[in-house]
Amino acid sequence: MLSLGIFLGFALPAHARNELVKIETVRGAYSNALLATNNSRMPVTVTLQLSSFSNLTSSKRWPIQAQLTGGQSMELVQISAANGQFGYTIDYSSQFVQGDPNARHDVNASYQIPFVAGQGFQIVQAADGPQFTHQSVATRYAVDIDMPVGTPVVAARAGYVVEVISQFADNGRIEAEFFDKANYVRILHDDGTWADYFHLMQNSSQVQPGMRVDAGHVLALSGNSGYSATPHLHFHVQVNQNGTIISLPFRFHNSHDGVFTPRYQSWLIPDTPTVNASKAKARKSLRECLPGGKAVDDAVIRCLSAS
């Protein structure tokens with residue numbers, strides 16, 4: 001008799017949890033193996049905690065912990081009956097944390113303004129102001145940038161695309177059921193940190209997992225998906241710090257302000273011609289650039305960027 005209890009416990013959207021790391025039992029002639037598969041392109045640390053068992057022998061001491069690179073499968077442990085004349089039972093939980101726990105943020109790194117527009121947009125939530133939704137260690141230094149739907153969102157720093165979610169509608173609300181319904185792109189940087197770009201427009205992604213992108217590469221269009229009261233871009237930089245995902249303070253750069261720390265209610269001005277941080281320039285709407293409901297493509301993004 002084999003009884004397995006599996007629980008994946010990491011603060012990811014619910015739809016993604018069972019997709020990123022899979023734990024399965026591979027049956028053998030005399031023993032069974034617990035196999036972990038990392039379906040994401042980010043490194044993960046997997047931990048198995050034994051809850052209860054009977055008549056069990058194990059090839060390793062519990063709890064069991066292993067680090068998997070992106071896409072890697074690994075045998076974690078062999079289990080079998082201590083007394084072969086009887087069956088055994090096992091009940092355990094599995095947890096995983098993304099990211100390299102030994103990663104260290106490049107202190108000299110600065111980040112490009114993560115959008116393309118002919119105007120500046122205001123930061124409406126940051127670490128030095130009121131924290132309405134950024135109250136955990138994972139979001140402490142995140143910024144929310146007020147941004148109309150359809151604004152081209154670009155990579156703030158070079159790296160590899162590791163996750164893309166794009167299927168959710170742009171009907172965001174501040175309600176619990178919308179918490180895991182934000183479209184986003186995740187970029188893994190060369191120092192092991194990563195950046196998230198949240199609340200993107202449905203089906204607007206221009207990148208796929210595995211792609212290498214430079215700073216300034218268009219990722220998607222801004223939207224209003226998920227846990228969101230008004231259209232905006234949520235941007236943060238994170239790292240796995242000894243098993244805990246934390247947000248990191250970071251600095252933007254542009255030709256107007258140089259290198260600077262984002263501040264609450266300040267304006268972000270991208271390096272595009274004729275920008276004005278205090279007066280919005282007339283810009284084409286998504287409807288004008290996307291006639292007939294056609295798919296978002298390079299021509300649509302050029303139309304929105306030029307307006």
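Worth knowing before you read on, the calculation uses all heavy atoms, side chains too, and leaves out hydrogens, waters and symmetry mates.
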Decide yes or no on side-chain contact (heavy atoms from CB on, under 4.5 Å) for Val162 and Trp194, but give the supporting numbers first.
CA-CA 9 Å; Val162 290; Trp194 62 90; 5.7 Å; no
Stepwise, does the side-chain contact (heavy atoms from CB on, under 4.5 Å) test hold for Leu34 with Thr25?
CA-CA 5 Å; Leu34 298 183; Thr25 302; 3.6 Å; yes
Working note: Arg140 + Gln131, criterion side-chain contact (heavy atoms from CB on, under 4.5 Å); need CA distance, chi angles, decisive distance, verdict.
CA-CA 8 Å; Arg140 175 70 180 86; Gln131 296 283 22; 2.9 Å; yes
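You'll find the side chain of Pro114 reaches within 4.5 Å of the side chain of Ile145, heavy atoms only. A 4.5 Å side-chain heavy-atom check between Asp271 and Ile113 finds every atom pair outside the cut-off. Within the 4.5 Å cutoff, the side chain of Phe121 has no heavy atoms near those of the Pro270 side chain. The side-chain heavy atoms of Glu163 and Leu20, taken from C-beta on, include a pair separated by under 4.5 Å. By the 4.5 Å heavy-atom criterion applied to side chains, Arg157 and Gln112 are not counted as neighbours. You'll find the side chain of Ile246 reaches within 4.5 Å of the side chain of Val239, heavy atoms only. Two residues are said to be in side-chain contact when any heavy atoms from C-beta on lie closer than 4.5 Å; Val124 and Thr230 fail this criterion.
Follow the hydrophobic side-chain contacts under 4.5 Å out from Val44 and you never reach Tyr160; the two are in separate clusters. A chain of hydrophobic side-chain contacts below 4.5 Å, direct or via other Ile, Leu, Val, Met, Phe, Trp or Tyr residues, connects Trp62 to Phe53. Linking ILVMFWY side-chain heavy atoms closer than 4.5 Å, directly or via other members, places Phe260 and Val143 in a single hydrophobic cluster. A continuous path of ILVMFWY side-chain contacts below 4.5 Å connects Leu248 to Phe235, so both sit in one hydrophobic cluster.
Heavy-atom minimum distance, Leu188 versus Arg41: CD2-O, 4.5 Å. Here the closest heavy-atom approach between residue Met201 and residue Asn183 is recorded as C-ND2, 3.8 Å.
Taken from CG in Leu200 to CD in Gln206, the straight-line distance is 11.0 Å, to the nearest 0.5 Å. Taken from NE2 in His232 to CD1 in Ile123, the straight-line distance is 12.5 Å, to the nearest 0.5 Å. The CD1 atom of Ile187 sits 8.5 Å away from atom CE of Met211, with the distance rounded to the nearest 0.5 Å.
Not one N or O on the side chain of Glu75 forms a donor-acceptor pair closer than 3.5 Å with the backbone of Ala33.
The aromatic rings of Tyr227 and Phe179 sit perpendicular, their planes meeting at an angle over 60°, well past the 30° parallel limit. Taking the six-membered ring where the residue is Trp, His199 and His234 present perpendicular rings, their angle passing 60° and hence far from 30°.
Here Tyr184 and Tyr197 keep their ring centres 6.0 angstrom or further from each other.
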